[in-house]
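In the text below, chain A, chain B and the rest are named by the order of the sequence lines, each starting its count at 1.
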2 protein chains.
Amino acid sequence: MSDADKGPARGRPRTMNAEQVLDVAMTAYWHSDPADVSVNAICQMAGISKPSLYREFGSEDGLSRAALDRYADQVLSEMFVILHAGAGLRQTLATLIDFASDDPRMETGCLFYKMRAGKHRLGTDTRARVEEIDAAGQAAYAAFLQAARDAGDWPDGLSVEAGAKYLGEQIALAITQRASGEDPARIREMLTLALSVFTRP
Amino acid sequence: MSDADKGPARGRPRTMNAEQVLDVAMTAYWHSDPADVSVNAICQMAGISKPSLYREFGSEDGLSRAALDRYADQVLSEMFVILHAGAGLRQTLATLIDFASDDPRMETGCLFYKMRAGKHRLGTDTRARVEEIDAAGQAAYAAFLQAARDAGDWPDGLSVEAGAKYLGEQIALAITQRASGEDPARIREMLTLALSVFTRP
DNA sequence: GACATAAAATACCGGATAGTATAAAAATGA
DNA sequence: TCATTTTTATACTATCCGGTATTTTATGTC
């Protein structure tokens, strides 16, 4: 199906571009903090009126939920790609460290982690999506570590679940520190130290 | 000097107890989140009027700053005691792990870490005090680790400053997880894993 | 051109916020 | 008793918030 059956275009043609609005919202939430960006501010930045935004997204919760969806598709998916690439334990950890410490997209932190940190301030839909993504992330970390364990590359006395949670929290910590302006080299040093527990001789 | 020279008590005697108000404010900020507690709510909880509060503390910034001071005196000081006790590396780390993982006072997190996480939402005075405490904490961690290094108890290839920052962030992470209802046993497991980098064979 | 339709723009609503002006109350000193 | 002083209590301001009712504008159809 093409865009042709979008409708007969009765009535005043819309000037609002939902994709562009979503881009503005995602970037604003991401660059500053979801709790510090008002619907009014997003309307102003996107050059649209409030009723237009509410007709498209229904509520602030609907907008932030849609912005988070977009973020998951465009940005977060890359972390899942790294985890599912099937590289070895050391190689994958190194790639994760690179991503968290030096990827320019994480320079202002991660929208998902920011939302998770301020979970109680989110609307119900957005919060539910945050928890969904959190669970998916944890499952991906666990699957990755389970594969490493199956390959015999695993320290004694550590469960895969605990390792997965630990790995996820260390990545989150590193990226959160990026947002607060910490020196990337220092972040890399600390994250490398934290993840060295997986690759002990 | 005793309390006797507090003044001749001209005028209507005050019913407001500043200490009690500060206690209410500190607990409220601490138990929920500094950004989610309004001046109005504190007045209501403390049973005082807004003008009384503003006469005593000047502004919301003054109040939160005073509450943080009180918290530093009453709670945070204990962490400094642990660090300055002069116990060995392993013993001190174990005590820190106990404190972060199981001390009932940290069950709802740490007011200082909550303020630090939402630093940009604080007034100038409170923010300055947060940065001051942060620097003092880092210095205390560094002094503690330097002593361990002098005692020969130190892993190769790690600077004291990086170790101090790492240690501080791991403690902060653990206590922040307490606030989000994470299982203390799991928190202990992860924190122990994170700090095991200091005590490798 | 008249009409229906759908979107946009403006202005508004109720509620919460930090902060304050003003008046009432309760004590002392004369 | 009356004035002075200090604190309390009430009521108010200005601003921002999420959300919406209302009007205006731009199109296609007849």
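- The side chain of Arg10(B) places no N or O atom within less than 4.0 Å of a non-bridging phosphate oxygen (OP1 or OP2) of dT5(D).
- Side-chain contact, Asp150(A) with Gln146(A): a donor N or O sits under 3.5 Å from an acceptor N or O.
- Residue Arg14(A) has a polar side-chain atom (N or O) positioned under 4.0 Å from OP1 or OP2 of dA7(C).
- Contact annotation: Ser52(A) does not reach the phosphate of dA7(C) (side-chain N/O to OP1 or OP2, under 4.0 Å).
- One atom, CG of Leu63(A), and another, P of dG19(D), lie 10 Å apart when rounded to the nearest Å.
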Contact string for nucleotides 15-20 of chain C, one letter per nucleotide 5' to 3', B = base within protein heavy-atom range under 4.0 Å, S = sugar-phosphate only, - = neither, reads --SBBB
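- Protein atom CE of Met16(B) is 16 Å distant from nucleotide atom C1' of dA26(C), rounded to whole Å.
- Computed from coordinates, the Gln44(B) CD to dA9(D) P distance equals 14 Å when rounded to whole Å.
- The only option from Tyr113(A), Phe112(A), Tyr71(A) that meets the ring pair (Phe, Tyr, Trp, His ring centres under 6.0 Å) definition with Trp30(A) turns out to be Tyr71(A).
- Taking for each of Ser49(A) and Pro13(B) the nucleotide of DNA chain C with the nearest heavy atom, the 5'-most of the two is the partner of Ser49(A).
- Note: CZ (Arg55(B)) to P (dA9(D)) measures 11 Å, nearest angstrom.
- Ionic pairing of Glu131(A) and Lys119(A) is present here: one or more N-O contacts between side-chain nitrogen and carboxylate oxygen are shorter than 4.0 angstrom.
- Remark: the Ser196(B) side chain and the Arg200(A) side chain contain an N/O donor-acceptor pair separated by less than 3.5 Å.
- The CZ atom of Arg12(B) sits 6 Å away from the C1' atom of dT7(D) (whole-angstrom rounding).
- Taking atom CG of residue Asn17(A) and atom P of nucleotide dA7(C), one finds them 14 Å apart after rounding to whole Å.
- Here Thr95(B) pairs with Gln91(B) under the side chain to side chain donor-acceptor pair (under 3.5 Å) rule; sequence neighbours left out.
- Side-chain atoms of Ser64(B) do not come within 3.5 Å of backbone N or O of Thr126(B) as any donor-acceptor pair.
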